[in-house]
Amino acid sequence: MMRVYACITQQHDLWLVLLAAAVCGFGAWVSLNLARRAAAAAGRARWGWLAGAATATGGGVWATHFIAMLAFRTSLPMGYDVGLTVLSILIAIGGAAVGIRHAIGGGRLAAPLGGAVAGAAATAMHFTGMAALQVPANLHYDPVYVTVALGLGVLLGGAGFTAALRIGSLKGLAVGAALLALGICGLHFTGMAGVTLIPDPLHDMSDQIMEPGLLAVAIAVTATVVMALGLAGAIVDQRLAARTANEAARLRASEERFRQLADATTEGIVIHRDGVVLDVNRAMAELLGKPSAAFIGQSMLGFVVQNRRSDIERKLAHPTSERVELDLLHDDGTLVMVEAHGQDITHEGRPARVVAVRDIRERKRAEERIRHMANHDLLTGLPNRSLFLDRLNGALTSAGRAHTGVAVLYLDLDRFKAVNDLLGHPAGDRLLQEMARRMLEAVPSHDTVARLSGDEFAVLHRIAQPGEALALADGLVRALGAPAELDGQRMVVGTSIGIALFPQDGTAAEALLQHADTALYRAKSEGRGTFRFFEAEMDERLQARRGLERDLRQALSDGALCVHYQPLEDCRTHRILGFEALVRWKHPERGMIPPSEFVPLAEESGLVMQLGEFVLRTACRDARSWPDPVKVAVNLSPIQFRHSDLPATILGILEEEGMPPHRLEIEVTEGG
């Protein structure tokens, strides 16, 4: 150390030494600042910044060396070989370029290794510059000092580059420049302390010698270039800083707008990279009942229900834009059904994926309500005919494979129309709901109770033997026959049931339901409040009844019925008081059909109103020409009296046929 100190203070002009140190420090600052710019740039811009940094580094090292050489005092005449002087600056710039390129290439050791290369290049430039010194003397180098000089250049160069490129602040740049300048100055003066000049008048001198004055001009030019690069870097720094500030402000504003838009939407938004959540909006946090911070850094699979995680993991590995329905876990443990779909984006300069999450619970509930309405009766909530037949088909298929049985029970409420007419439709609706409740209680839970229409119901009952169907039918008759309270009145309705069995009564759903309906008709005709199993002859009688009903309908349409009149005589005076109108039907194939057969058929089939109107109109038309005192009596079914428009119908016929009202008598048909 003392030898180096003596070299500086006794063998050099201190003012020029200070100038060399200043040029070295400024050059180190400029070179590392430009190296930072090269590290931040890309493409062709990076190469431009790299060239500037290498020029500033090499030029600064070269200028420092030769200013210090001008400061070296000796009594011997001095000059410099032009070729070696030029070679020394090329070595400095080229070595700096290699070192800086490696330092900004990335990696944990890139900066220290790159700085070490630049320091080694500076050392090589120093001894090349020493070789360019032309004096009538021989130069003797102390290996120890040469080694120390090389070590200073390599170690402090690596440390300077590491501080400047690893610490992104102004402080890091200052520390790096100070270390790099110390290394360059240290290697120079250590190297100079290890050199001994031994005068030799016979020493060969170069033919092309650069005088110190010319060297000073070259140094000035080099220093000017370094200062120009520093000025250019400062200007660019200022502009880039302004641009960066503007860009940062714009980015903050853009991020704020994005955040406002994201938080304003009702859909949940998740940004993730490789399944790790980067950000979520307010709607997503509210959807799962968690604070936004609870999502950040977590795996998306943690919010997915367990049985879907493997599927979602595959989709994360191979993302698509298809929509996916899945259940997410709310913070309280409940499931949240959502629809999700994603798109690739760039987030903070790196690829990521944004996923939109829509709550579809209400939509699913609406769809379920629609499906329920399509397959269920709105009043009672029971399955309708369509769903009943669907379940019956499924039950028949299963029973066929298992060789078991199925019973279809067809129910019709007795006296329901009377309750409906007496208390009104709202009371009738409540009665239907009460009967539906009783059926559900009486029927096993794995079977099906359905409302087919009006007051008609059906039961699908899985059985092992016919006796089970009998027991269920008996239980239903007793359950529905119990009194019911409606609007403060005690009502007894009851039911009749027809039963068809699989496979003996049919193997198709529609056929079984039809046969159960046929058995129901027999139960109602035999007194109601009971049940009957289907028998083959029932179907024959039913077909005959339906044929007769069809013929009656045609006869009413064609006017094929006629009215006969039975006189009403005063037994004392034998005077004719009037006539009773009696409807008669002569069938083209079966001949005369008694009223006792076709009138009940008309009542059951809904044709009684048309039949009654025909008899009433015909009787009024015929009686119009009779003597004035003679009256005509017309029988009406009790069913007709249930229609509120009956009085208006009678008055309309009297007016249309010109029949005085006092000549018409209305009687109620017995039975019904």
Side-chain angles (χ1 to χ4, degrees), residues 417-418 421 521 524-528 541-542 544-672:
K417 291 182 175 62
D421 292 340
Y521 175 72
K524 293 181 73 70
S525 66
E526 292 183 359
R528 304 184 181 184
R541 288 194 292 270
L542 181 61
R545 174 184 176 277
R546 288 176 176 169
L548 187 63
E549 178 185 330
R550 184 174 59 252
D551 292 344
L552 177 59
R553 192 179 303 275
Q554 188 64 40
L556 285 170
S557 176
D558 297 342
L561 279 75
C562 60
V563 178
H564 291 185
Y565 298 98
Q566 179 175 299
L568 300 175
E569 182 179 298
D570 189 331
C571 295
R572 289 180 301 165
T573 63
H574 301 288
R575 185 169 63 88
I576 299 297
L577 300 177
F579 294 88
E580 181 179 4
L582 303 173
V583 63
R584 295 293 182 264
W585 179 22
K586 185 176 182 180
H587 194 277
E589 297 178 359
R590 297 175 54 184
M592 294 300 297
I593 297 178
S596 60
E597 185 173 346
F598 71 81
V599 170
L601 178 63
E603 291 177 338
E604 294 172 6
S605 62
L607 295 173
V608 70
M609 292 300 296
Q610 187 177 350
L611 177 62
E613 185 176 340
F614 164 77
V615 175
L616 185 60
R617 186 177 295 278
T618 302
C620 289
R621 185 185 303 120
D622 292 341
R624 184 178 54 190
S625 60
W626 298 348
D628 185 62
V630 179
K631 298 181 179 181
V632 63
V634 178
N635 289 297
L636 296 183
S637 168
I639 295 176
Q640 291 178 268
F641 284 93
R642 296 173 186 166
H643 291 266
S644 59
D645 60 346
L646 179 62
T649 300
I650 295 173
L651 290 174
I653 291 175
L654 289 172
E655 183 178 353
E656 291 172 10
E657 300 300 334
M659 175 73 173
H662 69 274
R663 295 182 58 194
L664 175 65
E665 291 184 355
I666 299 296
E667 298 180 357
V668 181
T669 303
E670 297 178 359

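Along the sequence shown, residues carry numbers from 1.
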Peer 1: Can you measure from CG (L561) to CD (Q610) and round to the nearest 0.5 angstrom?
Peer 2: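 Nearest 0.5 Å value for the CG-CD distance: 10.0 Å.
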
Peer 1: Would you find more than 12 non-hydrogen atoms of other residues, nucleotides or ligands less than 6.0 Å from E569 atom CD?
Peer 2: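 Yes, because the 6.0 Å sphere around CD of E569 holds more than 12 heavy atoms from other groups.
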
Peer 1: Report yes if the side chains of R575 and L577 come closer than 4.5 Å at any heavy-atom pair, otherwise no.
Peer 2: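 Side chain of R575 against side chain of L577, heavy atoms only: contact under 4.5 Å found.
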
Peer 1: Is there side-chain contact between L664 and I650, with at least one heavy-atom pair below 4.5 Å?
Peer 2: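 Touching, per the 4.5 Å side-chain cut-off.
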
Peer 1: Report the C-alpha distance between L646 and L636 in whole Å, list the side-chain angles of each, state the deciding distance to 0.1 Å, and finish with yes or no for side chain to side chain contact (heavy atoms under 4.5 Å, CB included).
Peer 2: CA-CA 10 Å; L646 179 62; L636 296 183; 4.2 Å; yes

Peer 1: Can you tell me how far apart CG (D622) and CZ (F579) are? Round to the nearest 0.5 Å.
Peer 2: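 Going from CG on D622 over to CZ on F579, the span is 11.0 Å.
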
Peer 1: Verify side chain to side chain contact (heavy atoms under 4.5 Å, CB included) between V599 and S637, making sure each step is shown before the conclusion.
Peer 2: CA-CA 9 Å; V599 170; S637 168; 5.9 Å; no

Peer 1: About how many Å separate CG of N635 and CG of L582, when rounded to the nearest 0.5 Å?
Peer 2: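 If I round to the nearest 0.5 Å, the distance is 7.0 Å.
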
Peer 1: Look at E657 together with R617 and state whether they make a salt bridge at an N to O cut-off of under 4.0 Å.
Peer 2: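 Yes, charged N to carboxylate O under 4.0 Å.
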
Peer 1: Can you measure from CZ (R590) to CD (E597) and round to the nearest 0.5 angstrom?
Peer 2: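 Atom-to-atom, R590:CZ and E597:CD are 5.0 Å apart.
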
Peer 1: Are R553 and L607 close enough that some pair of their side-chain heavy atoms sits under 4.5 Å apart?
Peer 2: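 With C-beta onward as the side chain, the pair touches.
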
Peer 1: Quick check: closest heavy atoms across V634 and A581, and the distance to 0.1 Å?
Peer 2: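 Closest approach of V634 to A581: CG2-CB, 4.3 Å.
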
Peer 1: Using a strict 4.0 Å threshold on nitrogen-to-oxygen distance, state whether E656 and R621 make a salt bridge.
Peer 2: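 No, this pair does not count.
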
Peer 1: Roughly how far apart are W585 CH2 and L556 CG, rounded to 0.5 Å?
Peer 2: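 These two atoms lie 8.5 Å from each other.
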
Peer 1: Yes or no on side chain to side chain contact (heavy atoms under 4.5 Å, CB included) for E613 and I653, after CA distance, side-chain angles and deciding distance?
Peer 2: CA-CA 8 Å; E613 185 176 340; I653 291 175; 3.8 Å; yes

Peer 1: Could you tell me whether the side chain of E580 reaches within less than 4.5 Å of the side chain of E667, counting heavy atoms only?
Peer 2: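 Yes. Closest side-chain heavy atoms under 4.5 Å.
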
Peer 1: Testing the basics here: between Y565 and V632, what is the closest heavy-atom pair and its distance to 0.1 Å?
Peer 2: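 Looking at all heavy atoms of both residues, the closest pair is CE2-CG2, 4.3 Å.
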
Peer 1: Within this structure, what is the CZ-CE distance for the pair R624 and M659, rounded to the nearest 0.5 Å?
Peer 2: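 Between atom CZ of R624 and atom CE of M659 there are 10.0 Å.
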
Peer 1: Does any non-hydrogen side-chain atom of K586 lie less than 4.5 Å from one of C562?
Peer 2: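 When only atoms from C-beta onward are counted, K586 and C562 do not touch, as no gap falls below 4.5 Å.
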
Peer 1: I would like to know whether T618 and V583 meet side chain to side chain contact (heavy atoms under 4.5 Å, CB included); could you show each step before the answer?
Peer 2: CA-CA 10 Å; T618 302; V583 63; over 6 Å; no

Peer 1: Looking at side-chain heavy atoms only, is the closest gap between P594 and M592 below 4.5 Å?
Peer 2: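 Answer no - side chains too far apart.
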
Peer 1: Of all the heavy-atom pairs spanning A602 and L552, show the shortest one and how long it is.
Peer 2: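 So the two residues come closest at CB-CD2, 3.9 Å.
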
